[in-house]
Undergrad: 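Handing you this structure, nothing more for now.
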Amino acid sequence: MTKTSSLHALAGHNATPDLRSWLRQLEASGRLAVARAGIALSDELAAVAKTLERDSAVLFPQPGQHAIPVVANIFADRSWVADSLGVPTDQLLTRFQDAVRHPLPWVEVEEAAAQQVIHRDVDLLKQLPIPKHNEHDSGPYITAALLIARNPLTGIQNVSIHRCQVSGPDRIGVLLLPRHTQHYFKMAEAAGQPLEIALVIGVHPACILASQAIAAVDEDEMEIAGALLGHPIEMVKCRTNQVRVPAHAEIVIEGRILPKVREPEGPFGEFPQYYGPRADREVIQVDAITHRASPIFHTIVGGGMEHLVLGEIPREATLLEHLQRSFSSVRDVRLTRGGVCRYHLVVKIDKTNNGEPKNIIMGAFGGHYDLKQVVIVDMDVDIDDPHEIEWAIATRFQADRDLVVVSGAQGSKLDPSSDAGISAKMGLDATKPLEAEPMVFKRIHVHGLEDVDLSRVLQSDPKAALARII
């Protein structure tokens, strides 16, 4: 392939929502930076992306002298997520909930941009610009790929994201957690068969968001993606197996998770801001790589802001849906940044019963096993402000009355404080007692605060004003 410039990589507007359409939108709004050509794939690329992770996406032309550009930081904030779906930020969770409730089946096409170039003689590091991210990562990792697998019995597909270590020219070590991909693999392995999969790199943000939904087994996340976009996702059959992948993808790695094979994988910098340990894990045998004529490689810096944000929104929407099925008082939820957008949940409720918060706490723990702390707050608390949450705990919570502790529950294996994933859970009821006298929990407020116009009440030259006084 010939080398491509950043402008060439983004050229060719079309009506199909894809990674390129989102990058053009970021560039038009001043949220896309372009690095100098030749940034090193090992460490340097991740260091630049990490520096800009709260401010802008970054496109890296010719990284490590590779022809294929790399992009990182496609989300720096939840408002970017809303923008990618064309909704206001305050309607983001509602939009995701509606997509989960009303999935839109995908449609299959015969030809796809994702298959313009086909490599059957595979050499991953020569053919793709795969970065090494954190200092002690065991090597280059594919971090932003959708892993699409088919139920060996029904053919129904599952979409998820896993850390993928490049272990050889055509070999990838993959971490499978106890979720749907692992369930499918165990079915195939029990039958002595490999599990056909595809790793899909460079898709519209809606597809990445949908992959993180806490859906039931045999609910295809690409149908959620279609509902998020408002039209079916076009899918195409892989060239070497039966998996269907988004036709608009930049790059597809086709392969099989091998039965009865385990090889060392890790360490790798994960979302809890620690390294996932090295251990013997499942192995993908790569059979082919397909991609666009001039593809873009998307990477996510492990444990960075994009990693957290992309996991935050779908989990919040799914947990909110889960809680609202049983508790009509639940109004909103947030997975906190300090809780790595996985472990700590804040739930805002319109309280009607003093026992309600503890029930909601237990319901939340049943919503996802990653959760280890749940805080319940009243309607007057801003759950986007960590100071407000801490204030509610400081002034409305008593440990001997409002604390719920569950020992020995399933938690996250990536939590280094857990015992191989066995974790304690803690719930805090930081709501006001319903029977309290109104003035006991009356928040202080300065009358007229909302009407202050600083341009009207402040002098334009404070130095001169001070000189007149002293």
Side-chain angles (χ1 to χ4, degrees), residues 46 50 53 75 131-147 158-167 172-183 185-186 199 208 211-215 257 262-284 299-316 318-319 334-345 364-374 406-426:
K50 184 78 173 173
E53 68 176 355
F75 290 129
K132 171 182 171 290
H133 298 101
N134 286 293
E135 182 180 8
H136 296 292
D137 286 357
S138 57
Y141 266 83
I142 299 166
T143 56
L146 305 182
L147 193 158
N158 178 74
V159 187
S160 54
I161 296 179
H162 303 259
R163 71 190 205 208
C164 295
Q165 171 191 277
V166 178
S167 303
I172 294 171
V174 59
L175 172 64
L176 299 184
L177 295 174
R179 297 172 188 164
H180 302 161
T181 303
Q182 187 188 74
H183 174 64
F185 174 64
K186 286 183 174 180
L199 296 172
I208 304 176
S211 77
Q212 300 304 292
I214 309 172
I257 306 179
R262 303 292 188 272
E263 293 177 357
E265 181 274 330
F268 174 75
E270 277 283 6
F271 66 84
Q273 316 297 301
Y274 296 100
Y275 289 92
R278 189 168 182 80
D280 288 340
R281 308 196 195 281
E282 289 78 8
V283 175
I284 297 171
T299 195
I300 296 174
V301 178
M305 188 56 61
E306 183 179 7
H307 192 173
L308 299 183
V309 171
L310 286 173
E312 171 187 29
I313 307 303
R315 284 172 172 80
E316 286 177 351
T318 312
L319 286 165
R334 286 294 180 276
L335 288 162
T336 68
R337 297 286 168 84
V340 296
C341 297
R342 301 291 196 284
Y343 296 163
H344 290 182
L345 181 73
F365 289 143
H368 199 285
Y369 60 77
D370 273 356
L371 291 180
K372 61 185 295 189
Q373 177 178 296
V374 176
V406 180
S407 299
Q410 183 183 4
S412 169
K413 288 188 175 182
L414 294 175
D415 176 6
S417 70
S418 72
D419 182 8
I422 301 302
S423 179
K425 313 282 188 178
M426 178 173 69

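Values below: all heavy atoms of this structure, side chains included; hydrogens, waters and symmetry mates excluded. Quick caveat, the model's predicted, so the values are computed rather than measured.
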Undergrad: Could you tell me the separation between the OG atom of S211 and the NE2 atom of H162, rounded to the nearest 0.5 Å?
TA: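 It comes to 9.0 Å.
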Undergrad: Parallel, tilted or perpendicular, judged at 30° and 60°: which one describes the rings of H307 and F271?
TA: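 Rings of H307 and F271: perpendicular, over 60°.
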Undergrad: By the definition side chain to side chain contact (heavy atoms under 4.5 Å, CB included), identify the one residue from N134, V340, L414 that meets it with E270.
TA: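 Per the side chain to side chain contact (heavy atoms under 4.5 Å, CB included) rule, the option paired with E270 is L414, out of N134, V340, L414.
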Undergrad: Give a yes or no on whether the backbone of S412 and the side-chain of S418 come within a donor-acceptor separation of less than 3.5 Å.
TA: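 Flag set: sc S418 to bb S412 pair under 3.5 Å.
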Undergrad: To the nearest 0.5 Å, how far apart are OH in Y141 and CD1 in I300?
TA: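 Answer rounded to 0.5 Å: 15.0 Å.
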Undergrad: Rounded to the nearest 0.5 Å, how far apart are CD of E282 and CD1 of I257?
TA: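 The CD1 atom of I257 is 7.0 Å from CD of E282, to the nearest 0.5 Å.
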Undergrad: Can you check whether E306's main-chain N or O pairs, donor with acceptor, with E53's side chain at less than 3.5 Å?
TA: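 Such a contact is absent between E53 side chain and E306 backbone.
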Undergrad: Quick test of your reading of the model: are K425 and D415 salt-bridged, counting only N-O distances below 4.0 Å?
TA: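 A salt bridge is absent here (no side-chain N lies under 4.0 Å from a carboxylate O).
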Undergrad: Please check if the side chain of Y275 supplies one atom and the backbone of H136 the other of a donor-acceptor pair under 3.5 Å.
TA: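 Yes, the answer is positive, given that a donor and an acceptor are paired below the 3.5 Å cut-off.
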Undergrad: With rounding to the nearest 0.5 Å, note down the distance linking CG in D370 to CD1 in I214.
TA: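 So the gap between those two atoms works out to 8.0 Å.
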Undergrad: Rounded to the nearest 0.5 Å, what's the gap from CZ on R163 to CG on L177? Could you check?
TA: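 One finds 8.0 Å between CZ of R163 and CG of L177.
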Undergrad: Between T143 and I161, which heavy-atom pair has the shortest distance, and what is it?
TA: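 Where T143 meets I161 most closely, the heavy atoms are O-CG2, 3.6 Å.
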Undergrad: Quick one, R337 and E312 - any side-chain contact, counting heavy atoms below 4.5 Å?
TA: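 In contact.
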Undergrad: If you measure from CG on L345 to CZ on F365, what distance do you get to the nearest 0.5 Å?
TA: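 The CG atom of L345 sits 9.0 Å away from the CZ atom of F365.
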Undergrad: Any donor-acceptor pair under 3.5 Å linking the side chain of Q212 with the backbone of G311?
TA: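 No, Q212 side chain to G311 backbone: no donor-acceptor pair under 3.5 Å.
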